[in-house]
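Because the structure is predicted, anything quoted here is derived from the model rather than measured. The figures that follow rest on heavy atoms only: side chains count, while hydrogens, waters and symmetry mates do not. Throughout, numbering of the chain's residues begins at 1 and tracks the sequence.
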Amino acid sequence: MFKGILDMTINEVEAAALSLDLSGQAALAEKLLRSLEDLSQEEIEQLWADEALRRDQELDAGTQRPETVKKCFANSELVLHEPVFNS
């Protein structure tokens with residue numbers, strides 16, 4: 001029986017999205033990113049709080065390890081294409 005999109009789990013939606021060709025994935029990613037532009041400040045703050053809690057739970061569970069400040073800066077510099085901290 002056909003499973004409607006509203007009945008899909010996040011993992012099923014993710015798998016379906018990843019099965020798209022590259023142009024389909026890019027178009028979907030653009031639409032999803034644009035949808036985030038309409039969030040209120042309260043919604044943005046709640047998303048950040050949820051993310052912080054998720055990361056804290058991963059650290060407590062031992063499924064993730066904390067990163068050093070040096071690695072955080074290096075990752076930021078890769079994204080920003082400029083130095084974050086001049087030593």
Side-chain angles (χ1 to χ4, degrees):
M1 182 173 191
F2 176 73
K3 188 170 189 175
I5 189 77
L6 296 178
D7 296 325
M8 295 174 74
T9 67
I10 190 71
N11 289 338
E12 291 169 329
V13 172
E14 180 183 3
L18 292 174
S19 71
L20 297 171
D21 63 20
L22 289 179
S23 64
Q25 288 182 28
L28 178 58
E30 181 180 358
K31 287 180 182 181
L32 290 171
L33 288 172
R34 287 189 189 277
S35 74
L36 296 176
E37 293 174 358
D38 297 330
L39 295 177
S40 68
Q41 186 62 34
E42 184 177 299
E43 290 170 314
I44 292 169
E45 289 172 5
Q46 184 60 54
L47 287 171
W48 277 113
D50 292 346
E51 179 64 14
L53 288 173
R54 183 189 66 77
R55 291 180 185 196
D56 186 56
Q57 290 169 349
E58 288 177 344
L59 290 171
D60 288 346
T63 58
Q64 292 292 324
R65 294 178 53 194
E67 289 188 2
T68 65
V69 170
K70 184 176 181 178
K71 186 171 182 182
C72 287
F73 281 150
N75 290 339
S76 297
E77 290 170 357
L78 287 172
V79 171
L80 298 173
H81 307 290
E82 61 184 59
V84 173
F85 181 75
N86 294 319
S87 49

Residues Gln46 and Glu42: side-chain donor-acceptor under 3.5 angstrom: no

Do we see a donor-acceptor contact under 3.5 Å between the side chains of Asp21 and Ser23? yes

Are Glu58 and Arg55 within salt-bridge range, i.e. N to O under 4.0 Å? no

Of all the heavy-atom pairs spanning [X] and [Y], show the shortest one and how long it is.
{"X": "Ala16", "Y": "Met8", "answer": "CB-CE, 4.2 Å"}
{"X": "Asn75", "Y": "Glu67", "answer": "ND2-OE1, 3.3 Å"}
{"X": "Leu59", "Y": "Gln64", "answer": "CD2-O, 3.5 Å"}

Residues, nucleotides or ligands: over 12 heavy atoms within 6.0 Å of Ile10 CD1: no

Any link between Leu36 and Leu28 through a network of hydrophobic side chains (Ile, Leu, Val, Met, Phe, Trp, Tyr) touching at under 4.5 Å? no

To the nearest 0.5 Å, how far apart are CD in Glu45 and CG in Leu39? 11.5 Å

